[in-house]
Amino acid sequence: MNVSNNYKIIKFQNDRLYETEDTIVSEYPLTLFVNDEEFATLVCTPTHFDEMVIGFLASEGVIRFHDDIKDLRIDEDTGFAYVTLNHNITVHQQQYSKRFIGSCCGKSRQFYLQNDVKTAKTSTSTIKIKASTCIQLMNDMQASSKVFQHTGGVHNAALCTADELLVSRTDIGRHNALDKLFGYSILTRMPVRDKIIVFSGRISSEVLVKASKIGVGIVLSKSAPTDLAIKMAHDLNITAVGFIRGNAFNVYSHPERIVED
């Protein structure tokens, strides 16, 4: 399945209009059924479906481990994902049923504080990272995303050590990109307490909470945080770093994890 397609467009440049081609990122709706009940529709970039579904369910508190899933089937032709769990969903189905999870920011993605309180985790990470490495990891993540370079229409997210980038994922939805990382860590049983999330989007409260659910202690972002995200970062013992651009950045919480070279 193509993650992007070429379209003929009219471009204005150097005081003239002319016809050319542009590469446009694909947008794909995947409707998720859990135990035969419609659960949510995820609007996403069509890659790493298994990771995204697993990460999304873990983020929502529906599963904790890969073993909680009895069967997972993706039908790319019809745009449906079918998950059968080894247990019944214990939360009220009405909280989840038929939600539409958009690719854009803000209220398109519903934020259930009650559920997040149950699944968010205070970080116990003792990891430290050099200031220069924060900048290098951001550069490495952006350079690794060919889809971003060709389209400019996606968010990038990566799991890293204090020294190197381990795995990166791309999606039109910032939450989806993080869910793919979450799903990857669950599928591979990767320990995440000593890992770092590098992220291209802004650090909103939802992003901060998702990072806490994944279990990392440091979030590095190219963009800005919100005030609620900073408050949550203090409460959840997460180091939030934003505006990583050029050779500068801002540390908004728990700066003890960021050290000079």
Side-chain angles (χ1 to χ4, degrees), residues 42-43 52 55-56 58-61 99 101-129 131 133-135 137-138 141-142 148 154-160 162 168-183 185 192-246 248-259:
L42 307 174
V43 181
M52 183 179 65
F56 172 70
S59 180
E60 295 298 298
R99 287 191 295 151
I101 310 302
S103 61
C104 56
C105 303
K107 293 183 179 180
S108 63
R109 183 167 181 119
Q110 297 185 38
F111 178 68
Y112 289 104
L113 183 59
Q114 181 179 5
N115 185 55
D116 287 326
V117 166
K118 294 178 182 179
T119 53
K121 297 178 290 187
T122 299
S123 175
T124 59
S125 175
T126 58
I127 189 173
K128 294 181 183 294
I129 182 173
T133 306
C134 295
I135 295 169
L137 290 177
M138 180 62 66
M141 180 190 69
Q142 296 292 78
F148 176 77
V154 293
H155 287 286
N156 300 316
L159 279 172
C160 307
S168 62
R169 292 292 181 261
T170 294
D171 202 278
I172 57 171
R174 56 190 179 136
H175 298 282
N176 297 337
L178 293 168
D179 282 337
K180 289 175 180 180
L181 290 182
F182 200 178
S185 69
V192 291
R193 180 173 173 269
D194 60 342
K195 302 300 186 298
I196 296 163
I197 283 180
V198 184
F199 186 52
S200 64
R202 77 171 184 269
I203 307 177
S204 66
S205 59
E206 299 161 278
V207 167
L208 198 284
V209 168
K210 189 177 291 291
S212 79
K213 293 176 181 181
I214 294 172
V216 300
I218 300 176
V219 178
L220 307 178
S221 171
K222 186 180 180 181
S223 192
T226 66
D227 64 338
L228 181 55
I230 294 174
K231 292 173 184 176
M232 287 183 167
H234 281 291
D235 291 342
L236 294 168
N237 193 32
I238 292 175
T239 300
V241 180
F243 283 114
I244 302 179
R245 299 173 184 180
F249 57 77
N250 300 333
V251 184
Y252 296 95
S253 60
H254 296 284
E256 64 275 6
R257 293 193 180 99
I258 311 298
V259 298

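Quick caveat: nothing in here was measured; it's all calculated off a predicted structure.
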Peer 1: At what distance, to the nearest 0.5 angstrom, does OG1 of Thr226 lie from OH of Tyr252?
Peer 2: 11.0 Å

Peer 1: Strictly distance-based, threshold 3.5 Å: is any side-chain N or O of Lys180 a donor or acceptor partner for the main-chain N or O of Thr170?
Peer 2: yes

Peer 1: Is there a side-chain contact between Ile196 and Leu159, using heavy atoms and a 4.5 Å cut-off?
Peer 2: no

Peer 1: Roughly how far, to the nearest 0.5 Å, is CG of Asp171 from CG of Leu181?
Peer 2: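 Here the rounded value is 10.5 Å.
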
Peer 1: Has Arg257 got a side-chain atom pairing as donor or acceptor with Ile218's backbone, closer than 3.5 angstrom?
Peer 2: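 Flag not set: sc Arg257 to bb Ile218 has no pair under 3.5 Å.
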
Peer 1: From Ile129 CD1 over to Leu137 CG, what is the distance, rounded to the nearest 0.5 angstrom?
Peer 2: 5.0 Å

Peer 1: Check whether any side-chain N or O of Ser125 sits under 3.5 Å from a backbone N or O of Arg193 as a donor-acceptor pair, and report yes or no.
Peer 2: yes

Peer 1: Is Asn237 reaching over with its side chain to a backbone N or O of Ser123, donor-acceptor style, under 3.5 angstrom?
Peer 2: yes

Peer 1: Which residue is it: Val216, Val198, Thr133? I am looking for the one with a side chain to side chain contact (heavy atoms under 4.5 Å, CB included) to Cys160.
Peer 2: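 The option that passes is Val198.
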
Peer 1: Output the distance between atom CD1 (Ile197) and atom CZ (Phe182), rounded to the nearest 0.5 Å.
Peer 2: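 Ile197 CD1 to Phe182 CZ: 9.0 Å, rounded to 0.5 Å.
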
Peer 1: Shortest non-hydrogen contact from Ala229 to Leu208?
Peer 2: O-CG, 3.6 Å

Peer 1: Distance from Met141 atom CE to Ser200 atom OG, nearest 0.5 Å?
Peer 2: 5.0 Å

Peer 1: Would you confirm whether Ser221, through its side chain, and Gly201, through its main-chain N or O, come within 3.5 Å as a donor-acceptor pair?
Peer 2: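 Yes; at least one donor-acceptor contact below 3.5 Å.
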
Peer 1: Ion pair present between Asp179 and Lys210, side-chain N to carboxylate O less than 4.0 angstrom?
Peer 2: yes

Peer 1: If you define the side chain from C-beta out and look only at heavy atoms, does anything of Arg174 sit under 4.5 Å from Arg202?
Peer 2: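 Side chain of Arg174 against side chain of Arg202, heavy atoms only: contact under 4.5 Å found.
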
Peer 1: Donor-acceptor pair, distance only, cut-off 3.5 Å: does the side chain of Ser253 make one with the backbone of Ala240?
Peer 2: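 Looks like yes, one N/O pair under 3.5 Å.
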
Peer 1: Locate the shortest heavy-atom distance separating Ala211 from Val219; write the atom from each residue and the value.
Peer 2: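 Minimum heavy-atom contact is CB-CG2, 3.6 Å.
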
Peer 1: Parallel, tilted or perpendicular: which one describes the rings of His254 and His234, with boundaries at 30° and 60°?
Peer 2: tilted

Peer 1: Taking all non-hydrogen atoms of both residues into account, name the closest pair between Leu178 and Ala157 and its distance.
Peer 2: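 Closest approach of Leu178 to Ala157, heavy atoms only: CD2-CB, 4.0 Å.
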
Peer 1: Could you please spell out the steps behind the side-chain contact (heavy atoms from CB on, under 4.5 Å) verdict for Phe249 and Leu220?
Peer 2: CA-CA 9 Å; Phe249 57 77; Leu220 307 178; over 6 Å; no

Peer 1: Can you tell me if Lys213 uses its side chain to pair, donor with acceptor, with the backbone of Ser59 under 3.5 Å?
Peer 2: yes

Peer 1: Tell me if a side-chain donor or acceptor on Lys222 pairs with a main-chain N or O of Arg245 at a distance below 3.5 Å.
Peer 2: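 Side chain of Lys222 to backbone of Arg245, a donor-acceptor pair under 3.5 Å: no, none is there.
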
Peer 1: Apply side-chain contact (heavy atoms from CB on, under 4.5 Å) to residues Asn156 and Ser168 and explain how you reach the verdict.
Peer 2: CA-CA 7 Å; Asn156 300 316; Ser168 62; over 6 Å; no

Peer 1: Find the distance between CE (Met232) and CD1 (Ile203) and round it off to the nearest 0.5 Å.
Peer 2: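 Atom-to-atom, Met232:CE and Ile203:CD1 are 13.0 Å apart.
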
